[in-house]
Protein chains: 2
Amino acid sequence: MDIGTFSALAEPNRLRIVELLAHGPLTVGEIAERLNLRQPQASKHLRVLLEARLVSVHADANRRNYALQMEPLQEMDAWLNNYRRIWNERFDNLDHYLQELQSKPEQ
Amino acid sequence: MDIGTFSALAEPNRLRIVELLAHGPLTVGEIAERLNLRQPQASKHLRVLLEARLVSVHADANRRNYALQMEPLQEMDAWLNNYRRIWNERFDNLDHYLQELQSKPEQ
DNA sequence: AAGGAATATTCCTGTCAAGGAATATTGAAG
DNA sequence: CTTCAATATTCCTTGACAGGAATATTCCTT
């Protein structure tokens, strides 16, 4: 698991940017406006997200369109797989326990 | 999505602690030993993980057993759901594209 | 060529977090 | 009650990072 992903998402404004870009690519100005950020800060946060490969840029003349990149999130997803096993096991144990209760209803 | 989870995991040693605890609860000393950390740093990192609810403690006399807690990871999992939709869509699009190619093999 | 819009970068400052070293706490055993 | 083992906490220093303000860059328009 690449820690850069966690670091990038550990900042409130950057997390909001990611969630905003989930609905489609946006320009720096649009992001700054919707999140009530000053333009330089928006740029800086986007730079960090870019280095974490969480977004990509596509220059369109004066403007720059930032789009969400799924790879780091997919990596997170894959990383979580190890833990899903664990919490499923625990759930299974609970399940077995409940079935035990069912099979001996009045004890 | 709780940012505290990302912040806690954004530190290499803490991520390693979490991955270590995936195999079962451990004591502070065991964690420090296996990760080549000094005991105070291990304690401090565990404190952060505790505040992020990523681990729980169970005092056993002199020792303290730390165990992984799944809730924050499950929350991450739920948060990722929004994005799984997106990358599945894109995969579907690619899929359609490949089928188009198949239906017009020699063009 | 000049001006303006969109964006990036730089400099500065304050805050926060991490590691090292030392020390405090807690519990068990003699 | 003293000692020792396991763990937590404190103090200190250093480095990273975020925001503000100002400035640089790039590209379009006229």
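Just so we're on the same page: letters track the sequence lines, and every chain starts at 1. The structure displayed is predicted, hence computed values, not measured ones.
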Which whole-number value in Å describes the distance from [X] [atom1] to [N] [atom2]?
X: B:Asn36; N: C:dG19; atom1: CG; atom2: P; value: 13 Å
X: B:Leu9; N: C:dA18; atom1: CG; atom2: P; value: 12 Å
X: B:Gln39; N: C:dT26; atom1: CD; atom2: C1'; value: 13 Å
X: B:Lys44; N: C:dC16; atom1: NZ; atom2: P; value: 17 Å

Checklist outcome for this item: Of A:Glu11 and A:Pro40, the one whose nearest nucleotide on DNA chain D sits closer to the 5' end is A:Glu11
Item to check | Whether over 12 other heavy atoms sit under 6.0 Å from A:Glu33 CD | outcome: no
Checklist entry - Near B:Arg47 CZ, under 6.0 Å, is it more than 12 heavy atoms from other residues, nucleotides or ligands? => result no
Item to check | Modelled atom types, side-chain donor and acceptor of B:Glu19 and A:Trp79, under 3.5 Å | outcome: yes
Measuring to OP1 and OP2 of [N], would you say a side-chain N or O of [X] lies under 4.0 angstrom away?
X: B:Arg63; N: C:dG27; value: no
X: B:Arg64; N: C:dT26; value: no
X: B:His45; N: C:dA17; value: no

Checklist entry - In terms of the nearest nucleotide of DNA chain C, which residue is placed more toward the 5' end: A:Glu30 or B:Gln41? => result A:Glu30
Next on the checklist: Can you tell me which residue among A:Asp60, A:Val57, A:Val55 is in a side chain to side chain contact (heavy atoms under 4.5 Å, CB included) with A:Asn65?
Outcome noted: A:Asp60
Next on the checklist: Check for me, please, whether A:Leu9 and A:Val48 land in the same ILVMFWY cluster - side-chain distances under 4.5 Å, paths through other members count.
Outcome noted: no
Item to check | Intermediate values then yes/no, salt bridge (charged side-chain N to carboxylate O under 4.0 Å, His left out), B:Arg85 and B:Glu89 | outcome: CA-CA 6 Å; B:Arg85 287 192 209 110; B:Glu89 280 174 23; over 6 Å; no
Checklist entry - From A:Gln41 CD over to A:Asn36 CG, what is the distance, rounded to the nearest 0.5 angstrom? => result 13.0 Å
Item to check | For chain A, the stretch of DNA chain D it reaches, first to last nucleotide, under 4.0 Å of its heavy atoms | outcome: D:dA18 to D:dC28
Next on the checklist: Keeping A:Glu11 on the side-chain end and A:Asn13 on the backbone end, is there a donor-acceptor pair under 3.5 Å?
Outcome noted: yes
Item to check | Dot-bracket notation for DNA chain D, counting Watson-Crick and G-U pairs under 3.5 Å, with | for partners on another strand | outcome: ||||||||||||||||||||||||||||||
Item to check | Nearest heavy-atom neighbours spanning A:Gln69 and A:Ser56 | outcome: OE1-OG, 3.2 Å
